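None of these values were measured; they are calculated from a predicted model.
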Amino acid sequence: MKKMEERFNKILLIEMGFSLLYAILGLIIFLKSEIANTIAGVLIGIFFLLTGLIQIYTFIDKNKIKLFKTNLIIGIINIILGLFLMFNPLKMLNILNISLGIALLIDGINKLLLFYNLKKVGEEAKKIIFVSTLLLIFMGIMIIINPFRTLVITKTVGIFIMLYNIINLNDLVLLKKRSKKFLKNFK
């Protein structure tokens, strides 16, 4: 149990670090919207790629923690999306809305599964995670439905990246605080 808890906490700390980096990236993109869209596309592609690699790592290193069983699929999707954005940054303007919206919807669905698992074990933080799940799904749908152009898209992407990662960081902190109780139910 101790080894599983250490691995779980290690995974949460890595994901918290990336959420913080993503939030900072979102702030930079929002404040420096004059950045060329090509550079923004490559940076966003790199972050999707890194997120995908981390999610695959958490799937492989999960030590039989059922909570991370969907991370392989989500990781592969993030890697494909990241590579596409890195190698086609000029097409970013046409596809970024849909790609980011789909990524947020996928993560919202993943958090919905987390909510379901938390609900089964009677976790107190399940309501907060459910609200953040609804916000992610709403943000994903809004990005897909409402097309933006040029600098407006850069500012909007920055805001959404920042908001998403603040929500994600909140969820991870809640899980970390309750990791002992939570892991007992998923052993």
Side-chain angles (χ1 to χ4, degrees), residues 3-30 35 37-92 95-115 117 129 132-133 136-137 139-140 143-144 154 157-158 160-176 179 182-183 186:
K3 190 173 183 178
M4 184 177 9
E5 184 179 339
E6 287 173 3
R7 286 180 181 221
F8 182 76
N9 285 327
K10 179 181 170 184
I11 289 168
L12 287 180
L13 286 174
I14 289 170
E15 290 197 17
M16 283 181 202
F18 273 94
S19 286
L20 188 59
L21 285 174
Y22 278 141
I24 292 168
L25 173 69
L27 181 63
I28 290 169
I29 290 172
F30 175 71
I35 295 173
N37 284 317
T38 303
I39 294 171
V42 171
L43 288 175
I44 291 169
I46 289 170
F47 276 103
F48 273 118
L49 181 69
L50 290 174
T51 298
L53 292 172
I54 293 297
Q55 288 172 325
I56 289 173
Y57 170 77
T58 59
F59 173 80
I60 293 170
D61 192 37
K62 67 182 177 185
N63 196 26
K64 306 298 182 212
I65 301 173
K66 293 177 184 177
L67 181 64
F68 300 112
K69 65 184 174 187
T70 60
N71 280 16
L72 178 64
I73 295 167
I74 294 167
I76 290 170
I77 290 170
N78 276 327
I79 288 173
I80 291 169
L81 183 61
L83 289 173
F84 183 80
L85 286 174
M86 286 172 57
F87 292 114
N88 298 300
L90 296 177
K91 292 186 178 184
M92 183 189 80
I95 62 153
L96 189 58
N97 289 344
I98 295 170
S99 300
L100 187 58
I102 290 171
L104 289 174
L105 282 174
I106 290 169
D107 206 43
I109 291 167
N110 194 31
K111 286 207 183 294
L112 194 59
L113 294 172
L114 173 63
F115 166 75
N117 286 327
I129 291 176
S132 68
T133 298
L136 285 176
I137 291 171
M139 285 191 297
I143 288 175
I144 291 171
T154 307
V157 167
F160 278 109
I161 289 172
M162 220 172 26
L163 290 175
Y164 162 73
N165 284 289
I166 290 169
I167 290 168
N168 194 44
L169 194 56
N170 178 58
D171 294 346
L172 292 169
V173 169
L174 286 172
L175 279 177
K176 179 140 178 53
S179 65
F182 187 72
L183 287 174
F186 285 95

Just wondering, more than 12 heavy atoms not from Ile73 lying within 6.0 Å of its CD1?
no

Measure the shortest side-chain to side-chain distance between Phe48 and Ile79 over non-hydrogen atoms and say whether it is less than 4.5 angstrom.
no

I want to check something: taking the side chain as every heavy atom from C-beta on, are Leu169 and Asn165 in contact at a cut-off of under 4.5 Å?
no

To the nearest 0.5 Å, what is the distance between [atom1] ([X]) and [atom2] ([Y])?
| X | Y | atom1 | atom2 | answer |
| --- | --- | --- | --- | --- |
| Ile74 | Leu81 | CD1 | CG | 13.0 Å |
| Ile166 | Asp171 | CD1 | CG | 12.5 Å |
| Arg7 | Ile11 | CZ | CD1 | 8.0 Å |
| Ile77 | Ile106 | CD1 | CD1 | 4.0 Å |
| Leu114 | Asp107 | CG | CG | 10.0 Å |
| Tyr57 | Glu15 | OH | CD | 11.0 Å |

Quick check: closest heavy atoms across [X] and [Y], and the distance to 0.1 Å?
| X | Y | result |
| --- | --- | --- |
| Leu104 | Leu136 | CB-O, 3.9 Å |
| Asn78 | Ala103 | OD1-CB, 4.5 Å |
| Leu172 | Ser19 | CD1-OG, 3.9 Å |
| Ser132 | Ile167 | CB-CG2, 2.9 Å |

Would Asn168 and Lys111 count as a side chain to side chain contact (heavy atoms under 4.5 Å, CB included) here? Give the steps.
CA-CA 9 Å; Asn168 194 44; Lys111 286 207 183 294; 2.8 Å; yes

